[in-house]
Amino acid sequence: MEYTQENPLPLPPGGAFGEVASTIHTVFDWRYALERKNLMNLYEKGKALAWNATDIDWSIPVDVEALAAQRIRSGLGVVMNGVMQPPAPLNDQELMTFQLHTNAFMLSQFLHGEQGALVATARIVQSAPWEEAKFYAANQVADEARHVEVYHRYLTEKLGVSYPCVASLEQLLNRIMADPRWDITFLGMQIMVEGLALAAFGVQRMQMADEPLIQDILTRVMADESRHVAFGVLALERLYREEMSPADLREREDFVIEATEQLRDRLLITPVFERLGLDPELWTPWSRNTPFMRGFRQMMFAKIVPNLKRLGLLTPRVRAAYEAMDLLRFEHGKDSVEEAEAPPPAELVEFLMQFLQGQSAGAPPAAAV
Ligand SMILES: [Fe+2]
Ligand SMILES: [Fe+2]
């Protein structure tokens, strides 16, 4: 897809290129057994359902501030300033700017996560021991390149506002890529980062229901992502449930707990406060603690928890950590093999619908401890 690059992404403090050193093992599978039928089915599906960035109608105009103005007329200010009680009330113009930047921040992190998925999946082609996994990952590499392409164009051409990779996400991506163990690439990227992305895309699609271009993009990307998460689950479940030693499994538990904390922080919008001149010392603690935002961040784990359970990784240690973060309420949800889509949890849908319709009050999603 050709387009003129305007409003380029701001660079992170580390500069234009991020390098991660690691030594990995390249594995050839000379058997070509192709016996893992579930992976082969997913591979066939991936090829059949591929789309192109040029299929999207890029002529659709996008004006997030105008959409925000419409929401303000429906009572957004009452909800934002009344129900969420920020450190200082925001006037209409500030609310419009805040919506534009929050949206741009979330989409920018989607973009950076997609680049992470692109490089991680390329590594899976190289290091996964089974030919079936290499096939599927090869198909996914093409998906991820397309995702980077469409989010980049949307951010730079349509929004004109974007953010560099937030430190917590960059640290997690670096950590995943620095680890030589092939299953950690899967666990970190396919289960944790993509599991969170799938939930976040679902919420974004609901929040931006009045913006047709992002609807089209998110619907296409989510259809791909649900396959990617299912790939991670199918590739790892036998390994963790049947083949791994308790000592090795314990290292995976540690990884899951730390990655969860980093992903939770990735959702904090401190860079938005900084850019808009809102004192982060006041606003970050507010966004960390206000029930709506806390509930919102928890919902992002709605798909990760059942997937970890299916993998056999919701062990007593992980359970204890998740209990403390109030994430265990998602353990009875459907995993990504049982249910490809990731509908946002009902309680969030209910609250957001009130939010979008400008009806104030209503109980926010249950607060974290
Ligand atoms: Fe992706
Ligand atoms: Fe993906």
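Below, all heavy atoms of this structure are taken into account, side chains as well, without hydrogens, waters or symmetry copies. Whatever order the structure lists them in is the order used to number ligands and atoms, beginning at 1.
- Screening residues 176-202 for salt bridge (Lys or Arg N to Asp or Glu O under 4.0 Å), with sequence neighbours left out, gives Asp179-Arg181, Arg181-Glu251, Asp183-Arg252.
- The ring of Tyr151 has its center closer than 6.0 angstrom to the ring center of Phe201.
- For the residue pair Gln5 and Glu157, no side-chain donor N or O sits within less than 3.5 Å of a side-chain acceptor on the partner.
- When the shell of 6.0 Å around CD of Glu243 is examined, it contains more than 12 heavy atoms from other residues, nucleotides or ligands.
- In this structure, Phe330 has its ring center no closer than 6.0 Å to that of Phe301.
- Ordered by chain and number, Glu144 OE2, Glu194 OE2, Glu225 OE1, His228 ND1 make up the set of protein N, O or S atoms under 2.8 Å of the Fe ion (ligand 2).
- The six-membered or imidazole ring of Tyr43 lies away from that of Phe231, with a centre-to-centre distance of 6.0 Å or more.
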